[in-house]
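So that the names make sense, note that chain A is the first sequence line, chain B the second, and so on, each numbered from 1. Values in this document were obtained by computation on a predicted structure and should not be read as measured data.
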There are 2 protein chains.
Amino acid sequence: MRIQVTVDLVIFTVHESALKVLLVKRSARPFKGRMEIPGVVIRKNESLEQAALREMTEETSAHQVYLEQLYSFGDPRRHPCNRVVTVAYYALLPADRAQQVSGNGWRNVDQLPPLAFDHRRIIDYAIERLRNKLEYSTAGFQLLPKKFTLSELQAVYETILGKKLDKRNFRKKMNLLRILKPLKEWRRTGRKPARLYMFVGKKFEKLKDKGILFPF
Amino acid sequence: MRIQVTVDLVIFTVHESALKVLLVKRSARPFKGRMEIPGVVIRKNESLEQAALREMTEETSAHQVYLEQLYSFGDPRRHPCNRVVTVAYYALLPADRAQQVSGNGWRNVDQLPPLAFDHRRIIDYAIERLRNKLEYSTAGFQLLPKKFTLSELQAVYETILGKKLDKRNFRKKMNLLRILKPLKEWRRTGRKPARLYMFVGKKFEKLKDKGILFPF
DNA sequence: ACAAAAGTGTTAGAATTACACCCATGG
DNA sequence: CCATGGGTGTAATTCTAACACTTTTGT
């Protein structure tokens with residue numbers, strides 16, 4: 001039977017204390033003119049992940065990003081005309097690199113416009129996954145530039161989890177984890193200069209496997 | 001481009017202190033004669049989940065089972081002839097109902113024969129997911145009959161996690177969770193009769209959302 | 001009476017949580 | 001000199017993990 005397989009991408013970033021996703025405007029029917037998340041039809045000789053990376057690069061020019069398969073959506077009525085099964089991925093783009101993305105596609109996840117297909121549901125599902133992932137992995141670091149302050153890191157956690165965290169407990173925990181390297185550099189944007197840190201763990205490390213959990 | 005979409009099923013059960021998966025023998029090429037996990041090509045008007053349920057019923061005659069999407073595998077070389085993207089699901093079949101499955105397809109996950117395609121990898125991935133799921137959900141209960149003893153429940157946990165648990169701590173935790181209803185029935189298979197319990201939580205409840213975690 | 005599995009509490013250590021003040025800088 | 005965000009420690013509580021003996025039954 002004739003089925004089209006696509007890969008759709010929920011690309012997250014955090015900016016100005018808000019979790020944002022990258023949307024693009026549909027130029028074809030159906031849903032012409034509506035916003036949607038970026039997607040591609042997979043090619044003959046590429047894997048699902050390769051297709052996701054290809055689309056990621058096309059939309060953001062970004063390489064080396066955190067990218068993870070989210071879920072596959074295959075309801076026969078999700079596309080009004082054809083039968084399209086989509087394998088959704090989500091990606092985390094550091095704030096500094098998100099600024100370089102051309103166009104103006106970043107939308108606050110709390111203020112999404114009507115979207116094409118079931119893309120709203122896909123985004124909702126991705127947010128849920130991201131929240132969970134934050135607690136037992138180092139995904140949060142993938143949303144920050146290479147060098148960042150502890151306040152910036154905490155702000156990412158607070159934004160995604162949607163709640164305030166205690167500054168001292170947060171820092172204590174980060175110290176314990178031993179995945180941050182303090183640099184001899186300070187950021188002088190606010191009043192008192194803030195120390196910069198680098199993430200030094202492995203990119204996709206599961207902290208749970210080491211018996212470590214973020215207790216937030 | 002022409003792609004076939006299938007749904008493959010990793011069906012788990014626990015029997016005689018071993019985690020088992022249901023395998024079937026391939027009757028068609030390629031890999032004719034090898035064992036594989038059950039799979040179906042999706043039909044025009046069914047969703048992915050419906051296809052998974054259809055195959056589940058076909059193989060086990062079981063309804064009302066725990067079924068969850070696992071991951072989608074789409075490497076262009078995973079099928080030697082065609083391009084096949086498979087959406088893998090995994091299911092948990094209670095021990096008593098697993099005995100009623102015709103044929104002799106249950107294999108210990110520690111002693112898997114060579115499998116067709118990338119099915120070995122799919123099973124390995126499903127095991128990993130199941131282990132994780134056990135810790136923050138009530139998935140473990142789905143592998144037991146409606147009524148069960150605490151020792152049987154503990155055995156399921158020990159089997160899947162691959163390690164011994166402390167009996168008193170295990171029971172203390174189960175008490176705290178308040179998801180077990182003690183019955184006025186006892187099982188008289190061993191020496192001292194063991195009290196039977198029923199699971200009374202919601203089927204797919206995420207205990208984490210209630211701030212509850214299995215600490216094993 | 002003995003073997004086998006059922007059942008039951010306590011305690012030490014670890015992790016989590018709540019909480020308040022001083023510091024360095026720019027304006 | 002003051003407003004702003006950076007930075008730091010302790011104590012109470014909760015959770016986890018280690019540990020051994022008694023009970024009940026069938027043989």
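To the nearest angstrom, P of D:dG6 lies 12 Å from CG of A:L153. Rounded to whole Å, the distance from CD on A:Q154 to P on D:dG6 is 9 Å. In this structure, A:R188 atom CZ and D:dG6 atom P are separated by 15 Å, rounded to whole Å. Rounded to an integer number of Å, the gap from A:Y136 OH to C:dA15 C1' is 21 Å. Rounded to a whole Å, the NZ atom of B:K164 is 18 Å from the C1' atom of D:dA17.
Residues passing the side chain to side chain donor-acceptor pair (under 3.5 Å) test with A:K146: none are found, sequence neighbours excluded. Applying the side chain to side chain donor-acceptor pair (under 3.5 Å) test to A:S151 and every residue at least two apart in sequence or in another chain returns A:R171.
In this structure a side-chain-to-backbone donor-acceptor pair under 3.5 Å is missing from B:R97 to B:S61. In terms of modelled atom types and a separation under 3.5 Å, the side chain of B:Q69 and the main chain of B:V87 share no donor-acceptor contact.
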Are there any protein N/O atoms within less than 3.5 Å of an N/O atom in nucleotides 9-13 of chain C, and if so, which ones and at what distance?
| unit_1 | atom_1 | unit_2 | atom_2 | d |
| --- | --- | --- | --- | --- |
| C:dT10 | O4 | B:K172 | NZ | 3.0 |

Review item, nucleotides 2-7 of chain C N/O atoms under 3.5 Å of protein N/O:
| unit_1 | atom_1 | unit_2 | atom_2 | d |
| --- | --- | --- | --- | --- |
| C:dA6 | OP1 | B:S151 | OG | 2.8 |
| C:dA6 | OP2 | B:S151 | OG | 3.0 |
| C:dA6 | N7 | B:K167 | NZ | 3.4 |
| C:dG7 | OP1 | B:R195 | N | 2.9 |
| C:dG7 | OP2 | B:R171 | NH1 | 3.2 |
| C:dG7 | N7 | B:K167 | NZ | 2.7 |
| C:dG7 | O6 | B:K167 | NZ | 3.3 |

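Between B:F170 and B:Y157, the ring planes lie perpendicular to each other; the angle is over 60°, past the 30° to 60° tilted range.
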For residues 104-111 of chain B, which side-chain donor-acceptor pairs fall under 3.5 Å, sequence neighbours excluded?
| unit_1 | atom_1 | unit_2 | atom_2 | d |
| --- | --- | --- | --- | --- |
| B:W106 | NE1 | B:A98 | O | 3.1 |
| B:N108 | OD1 | B:D110 | N | 2.8 |

I'd like a table of donor-acceptor pairs (distance under 3.5 Å, sequence neighbours excluded) in which one partner is a side-chain atom from residues 119-127 of chain B, with atom names and distances.
| unit_1 | atom_1 | unit_2 | atom_2 | d |
| --- | --- | --- | --- | --- |
| B:H119 | ND1 | B:I37 | N | 3.2 |
| B:H119 | NE2 | B:D8 | OD2 | 3.3 |
| B:R120 | NE | B:D124 | OD1 | 3.3 |
| B:R120 | NE | B:D124 | OD2 | 3.4 |

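Side chains of B:E36 and B:V24 form a contact here, defined as non-hydrogen atoms less than 4.5 Å apart.
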